[in-house]
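The block underneath contains the structure these notes are about, expressed in structure tokens.
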Amino acid sequence: MAADPYSTLGVARTASEDDIKKAYRKLAKELHPDRNKDNPKASERFSAVTSAYDLLTDKDKRARFDRGEIDAEGNPASPFGAGFPGGGFQGRPGGQSGGFRSENFGGEGADISDIFEGLFGGGAQRGGGGFSGGFGRRGAPPKGANAAYRLRVPFVDAASLSPQRITLADGKTIDLKLPAGVEDGTQMKLAGKGEPGPGGAGDAIVTIEVQPHRFFTREGDDVRLDLPITLVEAVKGGPVKVPTVDKPVMLTVPAGASSGKVLRLKGKGFHKKGGGRGDQLVTLMIDLPGEDAALRQFVDSWTPAEGNPRAAMGV
């Protein structure tokens with residue numbers, strides 16, 4: 001059974017989401033498999049720390065865990081805890097059988113066979129013989145625990161759905177195909193790639209972390225870009241080369257363009273869950289030279305036809 005996630009991360013039960021993230025980042029950096037290739041225990045702790053982080057950063061799961069509805073692995077909690085108190089079930093004194101007595105469960109003369117009938121599908125029967133059916137059956141052997149991984153994906157790779165290679169705790173590498181609509185926090189399941197168990201291996205749960213880009217940003221399924229252009233390109237207009245998440249393309253700047261004008265490159269954004277792609281929105285930014293004597297001389301002798309561009313603001 002997994003340890004208490006708060007204890008695993010070393011935070012209080014009242015910890016904020018920021019406190020949990022700080023604790024996780026510190027431990028993940030210390031225990032990451034890439035830094036502990038010869039230390040399998042560090043890899044196990046890394047998996048436990050990541051599982052604890054995933055549970056506590058999911059608001060619904062955290063609330064259910066705090067209420068005791070699920071355990072640290074996200075499984076429904078047992079209605080009777082770790083076991084039944086009182087050394088098992090006993091019949092009535094004097095060799096009588098059937099039902100349950102208060103000696104074992106508390107409460108004068110309590111008969112809780114109805115509870116067991118509901119839990120075990122009629123396996124606990126009233127009168128003449130105590131238990132039969134449900135308590136005689138064994139459930140399927142449990143699968144191994146799930147293994148948690150976090151995979152950093154470059155922004156451009158996430159937008160273009162480029163395959164990503166991940167190394168598992170056993171040293172094996174897998175090429176992941178990113179799903180359409182992938183975003184920061186997307187989780188992918190690798191069936192049977194978790195910890196071994198009597199009923200088969202658990203799953204590997206991979207949480208995607210999309211890395212920021214130095215000039216692209218994301219807005220929904222669209223990609224945004226601030227594109228510097230020269231004064232000549234803004235005045236005269238014409239084609240300019242623009243980077244996209246796929247490859248550079250040519251974009252026509254209209255003559256007389258101002259800083260802040262937005263142009264659209266269709267189908268150059270992120271892949272959408274329902275099919276198709278978002279767009280790339282290009283915001284023009286006129287880049288003036290620092291010191292240019294000829295430009296200064298021209299401006300001194302030039303009177304713009306439109307006058308004050310701030311007149312509509314009343315200034």
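All values derive from a computational prediction rather than experimental measurement.
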Any donor-acceptor pair under 3.5 Å linking the side chain of Ser259 with the backbone of Ile286?
yes
Heavy atoms of other groups near Met250 CE, more than 12 under 6.0 Å
yes
Identify whether Leu151 and Met188 are in the same connected component of the hydrophobic contact network (ILVMFWY, side-chain heavy atoms under 4.5 Å).
yes
Electrostatic pair Asp184:Arg218 at N-O distance under 4.0 angstrom:
no
Spell out, yes or no, whether Ile208 and Ile205 are grouped together once hydrophobic residues are joined by side-chain heavy atoms under 4.5 Å, including indirect joins.
no
Applying side chain to side chain donor-acceptor pair (under 3.5 Å), can you list everything that pairs with Arg152, at least two apart in sequence or on another chain?
none
I want to check something: taking the side chain as every heavy atom from C-beta on, are Val206 and Leu176 in contact at a cut-off of under 4.5 Å?
yes
Salt bridge (Lys or Arg N to Asp or Glu O under 4.0 Å), that's the test. Do Asp222 and Lys268 meet it? Break it down for me.
CA-CA 8 Å; Asp222 295 332; Lys268 296 299 181 182; over 6 Å; no
Output yes when a side-chain donor or acceptor of Glu291 lies under 3.5 Å from a complementary backbone atom of Pro289, and no otherwise.
no
Closest non-hydrogen atom pair between Ser43 and Ala169, with its separation:
OG-CB, 3.7 Å
Hey, is the main chain of Phe298 close enough, under 3.5 Å, to the side chain of Ser301 for a donor-acceptor pair?
yes
Contacts of Glu219 meeting side chain to side chain donor-acceptor pair (under 3.5 Å) (sequence neighbours excluded), chain-then-number -> Arg224
In plain terms, say whether Glu30 and Lys26 are close enough for a salt bridge, that is, a side-chain N and a carboxylate O under 4.0 Å apart.
no
Check this for me: does any side-chain nitrogen of one of Arg277 and Asp246 sit under 4.0 Å from a carboxylate oxygen of the other?
yes
At their closest point, which heavy atom of Leu56 faces which heavy atom of Tyr6, and how far apart are they?
CD2-CZ, 3.7 Å
Salt-bridge criterion met for Asp203 and Lys193 (N-O under 4.0 Å):
no
Cluster check Val282, Ile229: I/L/V/M/F/W/Y, side chain < 4.5 angstrom:
yes
Answer with yes or no after comparing the ring centroid distance for Phe270 and Phe155 against a 6.0 Å cut-off, counting only values under it.
yes
Would you call Lys61 and Asp66 a salt bridge, using N to O less than 4.0 angstrom?
no
State plainly whether the residues Arg296 and Asp300 are in salt-bridge range, i.e. N to O under 4.0 Å.
yes
Results of side chain to side chain donor-acceptor pair (under 3.5 Å) for Asp226 - residues two or more places apart only
none
Surrounding CZ of Arg25 (heavy atoms of other residues, nucleotides or ligands, distance under 6.0 Å), is the total greater than 12?
no
On the 0 to 90° scale, with breaks at 30° and 60°, tag the His213-Phe216 ring pair as parallel, tilted or perpendicular.
tilted
Could Asp279 and Arg264 be called an ion pair, given the rule that one side-chain N must be under 4.0 Å from one carboxylate O?
yes
Other residues, nucleotides and ligands only: do more than 12 of their heavy atoms fall within 6.0 Å of CZ on Arg67?
yes
